[in-house]
Colleague: 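Following this message is one structure expressed as structure tokens.
Throughout, protein chains are lettered first and strands after them, A, B, ... in sequence-line order, and every chain is numbered starting at 1. Predicted model, so just to flag it, every value in this text is computed and none were measured.
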Protein chains: 2
Amino acid sequence: MARSTKAAAEKTRRRILDAAEQLFYANGVAQTSLEQIAEAAGVTRGAIYWHFADKVALFRALYEGVRLPQEDLVEQAATGGNPDPLGLLEQVACDCLKTLAADQQRQRVFAILLFRCDYLGEMAEALARQNEADATMHANLTRLFAMAERDGLLSPRWPPAVAERAFTAMMRGLWVDWLRYERNFDLAGVGSDCVKGLFQSFRAR
Amino acid sequence: MARSTKAAAEKTRRRILDAAEQLFYANGVAQTSLEQIAEAAGVTRGAIYWHFADKVALFRALYEGVRLPQEDLVEQAATGGNPDPLGLLEQVACDCLKTLAADQQRQRVFAILLFRCDYLGEMAEALARQNEADATMHANLTRLFAMAERDGLLSPRWPPAVAERAFTAMMRGLWVDWLRYERNFDLAGVGSDCVKGLFQSFRAR
DNA sequence: GGATATACCTACATCGCTGTATGTAAAGTA
DNA sequence: TACTTTACATACAGCGATGTAGGTATATCC
């Protein structure tokens, strides 16, 4: 068969990744064979094995190509020394919802990570990465809520640890419910309203 | 081999189900073979095929044996005509968290449904059942929050639709985070505090 | 107490999927 | 231009899992 140029090879690689993303999302990771992916990408399994060591490597390339919402959230909220940490976090959270609602690829990849793969031995590293992202998120949020409390910005009704858990739980629940149930509500609109309501409660004196 | 009595057969069936639960939870549904289950249960694959048509039927028997938290929530909250619907729901939600925190079997089954199975073609009915449970939950909660608003019990800050979404998202987020991350916080304690904080906000005038 | 259904176990046949080894034509390189 | 490397395709070998057919010994029923 004809050897293609470098650019064409990169295109092939992307076609494989795209096909894998679609099929993983539609049928689940374990239930998708490399043969199916190859067919959908218009190549043979040989091409896949050329670009990726095996299915796990392909899966890894897929989820390493996108940023998780948790990572997004942390990166933007980590700017320390803010005079209004709660306001900042509220803004960042709403932006995060809006961003996810607009980026279909990340929706699919995140949905795959959430629902379409059981974390077996080798896939477990994907879970580990999420754990890590969550851990740093928790650490940052803990600092942030503690700061807010110290500055008298947090309602005494909300111990920092509880507020932090409530916030992360709500964010996770919004992502999960929206992705799982065919995006059947307005994530950017209603979701942001939920977050705003919660933060109003955080600030109430 | 010796045929066992009816009671013994039922015991065998339960041993198979228990082994499947453990292995599905530990390794994922797709990555668990009937041979592994049989070995863990101390029988051969023949016994499994005697009691269950195939792996899907075994999986179905597993999740049909337990009630989902959503179903729990709805059933208890559906008692109409309550003078304090918000108080009732708050109580029910906290009870629900407490119940889940105490029942290890339901934790495992629910975790399997959430994380350990990709919803392929035949397993999809499990997802369908969850969808149904969620739909009735949403319907009931919508009525409940609408009632609360009509009776002036709901803060004007919280439109009923937003409040309902915020509540379900928080509950889902609590379940998910707790089950996913090795139960690394006190679901009954901190979780209930989160719910209570939210409901205080719901009621604020 | 004999017939029959039950509750398994054993053995086998099959099949899809994986991984690898080999082939090959074009692109790059000196 | 000769050689090498790249980017695949093709072919093959092997395994693990599934489903089923057939055997067997014991409960259960009449």
Colleague: In terms of the nearest nucleotide of DNA chain C, which residue is placed more toward the 5' end: B:Ala8 or A:Ser33?
Modeller: B:Ala8
Colleague: Which residue pairs satisfy the side chain to side chain donor-acceptor pair (under 3.5 Å) criterion with at least one member in residues 184-201 of chain A, sequence neighbours excluded?
Modeller: A:Trp158-A:Ser201
Colleague: Determine the interplanar angle of the B:Phe167 and B:Phe145 rings, folded into 0 to 90°, and report it as parallel if under 30°, tilted if 30 to 60°, perpendicular if over 60°.
Modeller: tilted
Colleague: Of all residues at least two apart in sequence or in a different chain, which pass the salt bridge (charged side-chain N to carboxylate O under 4.0 Å, His left out) check with A:Arg157?
Modeller: none
Colleague: Suppose we screen for salt bridge (charged side-chain N to carboxylate O under 4.0 Å, His left out). Which residues come up paired with B:Arg180, at least two apart in sequence or across chains?
Modeller: none
Colleague: I'd like to check the side-chain hydrogen bond (donor to acceptor under 3.5 Å, both in side chains) partners of A:Arg203; sequence neighbours left out, ordered by chain and number.
Modeller: A:Glu90
Colleague: Less than 4.0 angstrom between a side-chain N/O of B:Thr5 and OP1 or OP2 of D:dT26, yes or no?
Modeller: no
Colleague: Do any of residues 14-22 of chain A sit with a heavy atom less than 4.0 Å from DNA chain D, and if so which?
Modeller: none
Colleague: Below 3.5 Å, can you tabulate the donor-acceptor pairs from side chains in residues 44-53 of chain A to any protein atom, sequence neighbours excluded?
Modeller:
residue: A:Thr44; atom: OG1; partner: A:Gly46; partner atom: N; Å: 3.4

Colleague: Tell me, please, which residues at least two apart from A:Asn131 pass side-chain hydrogen bond (donor to acceptor under 3.5 Å, both in side chains).
Modeller: none
Colleague: Mind checking ring-ring contact (aromatic ring centres under 6.0 Å, His included) for B:Phe115 and listing every partner two or more places apart, or none if nothing turns up?
Modeller: none
Colleague: Strictly below 4.0 Å, heavy-atom distances to any atom of DNA chain D: list the hits from residues 34-50 of chain B, or just say none.
Modeller: B:Leu34, B:Arg45, B:Tyr49
Colleague: Under the side-chain hydrogen bond (donor to acceptor under 3.5 Å, both in side chains) rule, collect the residues that match up with A:Arg67, sequence neighbours excluded.
Modeller: A:Asp72
Colleague: Check DNA chain C against residues 51-64 of chain A and give the residues with a non-hydrogen atom under 4.0 Å, in numerical order.
Modeller: A:Asp54
Colleague: Taking only N and O in the side chain of A:Thr12, is any of them less than 4.0 Å away from OP1 or OP2 of D:dC8?
Modeller: yes
Colleague: Test of understanding: with side-chain hydrogen bond (donor to acceptor under 3.5 Å, both in side chains), list the residues that count as partners of A:Arg13, not counting sequence neighbours.
Modeller: none
